[in-house]
Amino acid sequence: MPDKRPPRILAAIMPTDSTDNAYREQRIRNLNALSEHGHHPYGEAFTRSGTLAELRAGFEEGREVQAAGRLMAVRAMGKSVFADLRDGTGRFQLYVGRKDLPEALFDAFSLLDLGDHIGVAGTLFVTRTGEPSIHVTSWKLLSKAILQPPEKFHGLVDTEERYRKRYLDLVANPDVRARFNIRIRIMQEIRAFLAARGFQEVETPMMQPQAGGAAARPFVTRYHALDCEMYMRIAPELYLKRLLVGGFDKVFEMNRNFRNEGLDRTHNPEFTVLEVYEAYGDRHTMKRLIEELLPHLCRQVLGRLSVESAETGESIDFTPPYREVAYRDLVRERMGDGWFSLDAAAARAAAEAAGVAVDPQWDHLMITHEVYDKLIEKTLRQPTFVTRIPRPFVPLAKACSDDPALADVFEFVVAGKELCPGYTEQNDPFEQRRALAAQAGDNTERIDEDFITALEHGMPPAGGLGLGIDRLTMLLTGTEAIRDVILFPQLKAR
RNA sequence: GGGAGCGUAGCUCAGUUGGUUAGAGCAGCUGACUCUUAAUCAGCGGGUCGUGGGUUCGAGUCCCUCCGCUCCUACCA
């Protein structure tokens with residue numbers, strides 16, 4: 001099966017530079033030797049009978065097949081050679097016997113190196129030790145690797161190398177690929193779930209003249225054609241609500257947000273969020289959506305409703321319905337029934353006594369929120385909707401009809417971390433302007449006037465939610481570092 | 001931003017109190033071997049010890065600078 005046409009002349013790419021190491025030179029010698037055998041070192045399309053996983057699933061002794069993949073291991077014993085081939089779906093063993101293929105083709109097999117891509121033709125059989133294998137009758141080089149792959153047994157361990165050279169991490173560590181497969185499935189299932197309920201996926205600007213929809217420092221960039229500053233979005237919310245005004249009743253967007261903040265185990269400067277809006281709904285609509293979506297995802301992606309926390313090992317059960325509890329009740333539960341009658345000084349003393357450091361400038365509201373953040377949220381292990389949150393923290397939501405000091409929202413908390421806020425969205429342009437002005441303080445230019453104008457044209461009452469996809473993936477895959485669920489996490493330039 | 005730790009062969013790791021020519025496994029090269037699967041056996045090669053400086057008769061090892069990574073901590077989801 002080697003190419004018939006003359007091999008390419010490759011002498012020109014032989015390394016002349018002393019930084020090239022001996023392994024690379026050896027592989028280039030093998031490349032040239034394969035060329036002389038008629039193998040094009042960087043071949044073209046190859047017709048496969050199926051992926052390696054399909055070959056395994058549809059295994060049938062004696063069946064003639066063609067397969068392709070990367071050479072991961074070679075166990076040569078004179079006149080017979082065993083090798084492991086791997087593609088994106090799995091691995092399969094090759095058996096190459098001296099008497100079963102032309103002598104030149106058998107000899108050239110030893111010029112292959114680990115990491116090379118090859119295509120093979122042969123028949124399926126089972127070895128004496130019970131391993132399904134391809135009895136190779138012909139093979140062809142598809143792509144020559146001139147650098148060594150990582151070690152076969154330990155894989156690639158060095159964390160920095162794993163992130164900087166993710167392609168090697170993926171080749172060397174099959175569990176990494178498995179984890180990203182789960183992330184991909186999660187996103188596919190979310191899209192299918194929402195599409196089945198009549199939601200339409202839209203795309204709104206990533207580059208915005210002002211960054212709204214959340215409180216976070218944005219990345220700034222310069223647009224030369226318009227001679228102005230642009231901001232990478234920190235949230236798509238204000239644009240999605242413009243679409244509610246425009247008549248999109250059920251919309252979602254699942255894409256990147258960018259926040260110019262620190263990076264650590266749970267924060268990457270770009271991260272993926274699902275935002276969903278449903279006209280004529282409210283936070284109860286969103287709560288029901290979450291209670292359907294999460295069990296659906298668990299079932300489809302994991303095949304079960306419980307996951308194990310990476311942090312503590314405890315079991316987290318996604319069987320609905322989930323607990324719903326008011327923010328103030330949680331605070332009273334932890335700090336005592338009298339908490340909301342304390343003045344700021346007494347609250348500060350009580351918070352300090354409970355081990356929470358409190359800024360002396362803070363008012364009762366801020367102190368309470370710090371107590372919630374530091375003491376209470378982490379204790380909510382099973383899926384929990386925390387409702388009735390003080391309005392200053394959620395300027396884009398409506399007030400509770402029975403208490404103007406509280407927002408009609410939930411924070412959905414799982415394993416002690418906020419996973420997803422859900423709102424009864426503010427559609428009153430007067431109230432919205434007041435809330436945004438209060439948040440902006442003196443810096444009034446930060447208010448998105450066009451958004452307020454849109455509200456003045458009439459936004460239907462609506463429910464909305466925002467689900468962090470990276471964190472959801474961490475939860476469902478039992479991963480502690482956000483970098484392990486992002487293919488190319490942010491690292492400093494080296 | 002603050003604190004602690006780490007960086008040795010292509011990969012995974014040893015390296016003693018500062019002391020000869022820096023070691024091992026995998027991978028590579030040469031040879032043997034027709035059912036192996038971390039194949040096995042014999043032999044061989046492979047190093048800017050992250051970078052730059054310093055102390056010392058002598059530095060992978062001790063001190064300083066810088067680069068990168070990890071963990072803790074602070075801000076954010």
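Just so we're clear, the structure is a prediction, and the values are computed from it rather than from any experiment. In what follows, chains carry the letters A, B, and so on, assigned in the order in which the sequence lines appear, proteins first and then strands, with residues in each chain numbered from 1. Atoms considered below: every heavy atom in the structure, side chains included; atoms not considered: hydrogens, waters and symmetry mates.
Remark: B/U70 base-pairs with B/A4. Criterion, Watson-Crick or G-U wobble with two distances under 3.5 Å.
At a threshold of 4.0 angstrom between heavy atoms, the contacts of A/N257 with the nucleic acid are absent. The residue A/G155 sits close only to the backbone: its heavy atoms come under 4.0 Å of sugar-phosphate atoms, none of a base. Base engagement by A/N268 is indicated by at least one non-hydrogen atom pair under 4.0 Å involving a base atom. Heavy atoms of A/A214 sit nowhere under 4.0 angstrom from any nucleic acid atom. Across all strands shown, A/L147 has no heavy atoms under 4.0 Å from either base or sugar-phosphate atoms. Among the atoms of the strands shown, only primed sugar atoms or phosphate atoms (P, OP1, OP2) are found under 4.0 Å from some heavy atom of A/E418.
Listed candidates were B/C72, B/G45, B/C69. Nearest to the side chain of A/Y23 is B/G45. The side chain of A/I482 lies closest to B/A77 when the candidates are B/U12, B/A77, B/C35. Checked against B/C76, B/A77, B/U12, the side chain of A/F271 finds its nearest nucleotide in B/A77.
A cation-pi arrangement is present between A/R483 and A/Y163, with the terminal nitrogen or guanidinium carbon under 6.0 Å from the aromatic centre and inside a 45° cone about the axis.
More than 12 heavy atoms of other shown residues, nucleotides or ligands fall within 6.0 angstrom of atom CZ in A/R185. For A/R177, the CZ atom is loosely surrounded, since the number of other residues' heavy atoms within 6.0 Å does not exceed 12.
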Atom pairs and distances, donor-acceptor, side-chain atoms in residues 234-241 of chain A, under 3.5 Å, two or more places apart:
| from | atom 1 | to | atom 2 | distance (Å) |
| --- | --- | --- | --- | --- |
| A/E237 | OE2 | A/K241 | NZ | 2.9 |
| A/K241 | NZ | A/L396 | O | 3.3 |
| A/K241 | NZ | A/E425 | OE1 | 2.6 |

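Side-chain contact annotation: A/E261 with A/H267, donor-acceptor N/O pair under 3.5 Å absent.
Contact between the side-chain N/O atoms of A/R164 and the OP1/OP2 oxygens of B/G68 is not found at any separation under 4.0 Å. The side chain of A/R265 contributes an N or O atom lying less than 4.0 Å from OP1 or OP2 of B/C72. For A/K152 and B/C26, the shortest distance from a side-chain N or O to OP1 or OP2 is not below 4.0 Å. For A/Q26, no side-chain nitrogen or oxygen approaches OP1 or OP2 of B/G28 to under 4.0 Å. The side chain of A/R75 contributes an N or O atom lying less than 4.0 Å from OP1 or OP2 of B/A39.
Aromatic ring orientation, A/Y95 versus A/F82: tilted (interplanar angle from 30° to 60°).
Here, B/U16 and B/G60 have their P atoms 12 Å apart, quoted to the whole Å. Comparing B/C75 with B/G2, their P atoms are spaced 16 Å from each other, to the whole Å. Taking atom C1' in both B/U21 and B/G53, one finds a spacing of 27 Å when rounded to whole Å.
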Between the protein and nucleotides 5-8 of chain B, list every N/O to N/O distance that falls short of 3.5 Å.
none

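A side chain to side chain contact (heavy atoms under 4.5 Å, CB included) with A/L475 is found for exactly one of A/V414, A/V485, A/D470, namely A/V414.
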